[in-house]
Amino acid sequence: MASSFVFSTTLLLSLLFASFFISSSAANFYQSTDITWGDGRAQILNNGDLLTLSLDKASGSGFQSRNQYLYGKIDMQIKLVPGNSAGTVTAYYLRSEGSAWDEIDFEFLGNLSGHPYTVHTNVFSQGKGNREQQFHLWFDPTADFHTYSILWNPQRIVFYVDGTPIREFKNKESIGVAFPKNQPMRLQSSLWNADDWATRGGLVKTDWTQAPFTAAYRNFNENACIWSSGQSSCGSNSSPAADDKSWYSQELDSDSQGKLKWVQDNYMIYNYCTDINRFPQGLPPECNATA
């Protein structure tokens, strides 16, 4: 019991320090992103260091990265919509083009004031998803900026919050599970109204007297293989050069595995791999894979 307490205390302290992490190579939003929709509701401010998305009853807003990636480590600091954000969704994800798309999702589902956000994650490959895991957070994501990261390499996809892994999706092609590996993806983010499903399954509707709703972004870092004109910046074999590309073969060490277990034991609220009612013919094969 004592060792468990020490581990939890040490972990919480490390998480507190990690929340102040700021990437030293953050991209300028003017140069690295394009506002894609919203009719003025998305704004780039502070000489390109800050981007905000807003939602009102007429429309939400969104932006995307100029670069496309085929594997990478993407970091963004986000400050979510404060107050009564019920019905709103702040989406932050990688997605490819086409009808058989690949996608790696963070979605932040708003809630009534004083209630926690739900962090919704999903992985799509060739247009097929249904791999949802959901979490609450161990802090208020509206009080300050926090770093949300996606690691995508040939072996795994890892979702991080302030450097702490909350979910790992391993490449299980060996047992017939599709894995995103051939389609370059672009970072996209949007703030939109989803009160038909987002908060308590649509029971709580958006309170438009609270509008406009605003989320803020800073310190976008793209450490990735850039895809351009049908070629990867990492070379024809999609393997990056040796200079600071440790993410390409990164895996979870024992410390990270301990943090992942801590998050999933204490903050996971839904896991498709335990939803036997949803999969009466048997859970998806990756759910039963131990390696």
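Values below: all heavy atoms of this structure, side chains included; hydrogens, waters and symmetry mates excluded.
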Could you tell me whether the side chain of [X] and the main chain of [Y] form a donor-acceptor pair under 3.5 Å?
{"X": "Ser65", "Y": "Leu187", "answer": "yes"}
{"X": "Thr36", "Y": "Gly62", "answer": "yes"}
{"X": "Asp255", "Y": "Gln257", "answer": "no"}
{"X": "Glu107", "Y": "Val89", "answer": "no"}
{"X": "Arg186", "Y": "Ser96", "answer": "no"}
{"X": "Asp162", "Y": "Thr147", "answer": "yes"}

TODO: Name the orientation class of the two ring planes belonging to Tyr248 and Tyr71 (parallel below 30°, tilted from 30 to 60°, perpendicular beyond 60°).
DONE: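 Perpendicular: the ring planes of Tyr248 and Tyr71 meet at over 60°.
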
- [ ] Kindly assign one of parallel, tilted or perpendicular to the pair Tyr217 and Phe63, based on the angle between their ring planes and the thresholds 30° and 60°.
- [x]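 The arrangement is perpendicular - the two ring planes meet at more than 60°.
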
Open item on the list: Taking side chain to side chain contact (heavy atoms under 4.5 Å, CB included) as the definition, give me every residue that meets it alongside Asp275, ordered by chain and number, with sequence neighbours left out.
Closed with: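 Side chain to side chain contact (heavy atoms under 4.5 Å, CB included) check on Asp275 returns Tyr270, Asn277, Arg278.
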
Task: Residues in side chain to side chain contact (heavy atoms under 4.5 Å, CB included) contact with Asn193, at least two apart in sequence or another chain - done: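 Partners of Asn193 under the side chain to side chain contact (heavy atoms under 4.5 Å, CB included) test: Leu55, Asp195, Thr206, Trp208.
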
Please list, chain by chain and in numerical order, all residues satisfying side-chain hydrogen bond (donor to acceptor under 3.5 Å, both in side chains) with [X], sequence neighbours excluded.
{"X": "Tyr92", "result": "none"}
{"X": "Lys261", "result": "Asp265"}
{"X": "Tyr30", "result": "none"}
{"X": "Tyr148", "result": "none"}

Listed by chain and number, what are the salt bridge (charged side-chain N to carboxylate O under 4.0 Å, His left out) partners of [X], not counting sequence neighbours?
{"X": "Arg95", "result": "Glu103"}
{"X": "Glu168", "result": "Arg156"}
{"X": "Asp140", "result": "none"}
{"X": "Glu97", "result": "none"}

Open item on the list: Can you confirm whether Leu53 sits close enough to Thr90 that some side-chain heavy atom of one is under 4.5 Å from a side-chain heavy atom of the other?
Closed with: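 Answer no - side chains too far apart.
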
Task: Tyr69 ring center near Trp227 ring center (under 6.0 Å) - done: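 Not close enough - the centres of the two rings lie 6.0 Å or further apart.
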
- [ ] May I ask you to establish whether Lys170 and Phe179 are in a cation-pi arrangement, using a distance under 6.0 Å from NZ or CZ to the six-membered ring centre and at most 45° from the ring axis?
- [x]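 Not satisfied by the 6.0 Å and 45° rule.
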
TODO: Sequence neighbours left out, what pairs pass salt bridge (Lys or Arg N to Asp or Glu O under 4.0 Å) with at least one residue falling in residues 44-64?
DONE: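 Salt bridge (Lys or Arg N to Asp or Glu O under 4.0 Å) check on residues 44-64 returns Arg41-Asp56.
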
Task: Ser189 versus Tyr93, side-chain donor and acceptor atoms under 3.5 Å - done: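 On atom types as modelled, these side chains do not qualify, holding no pair under 3.5 Å.
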
Task: Pairwise disulfide bond (SG atoms under 2.5 Å apart) hits with a residue in residues 252-283, at least two apart - done: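 For residues 252-283, and leaving out neighbouring residues, the disulfide bond (SG atoms under 2.5 Å apart) pairs sorted by first residue read Cys273-Cys287.
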
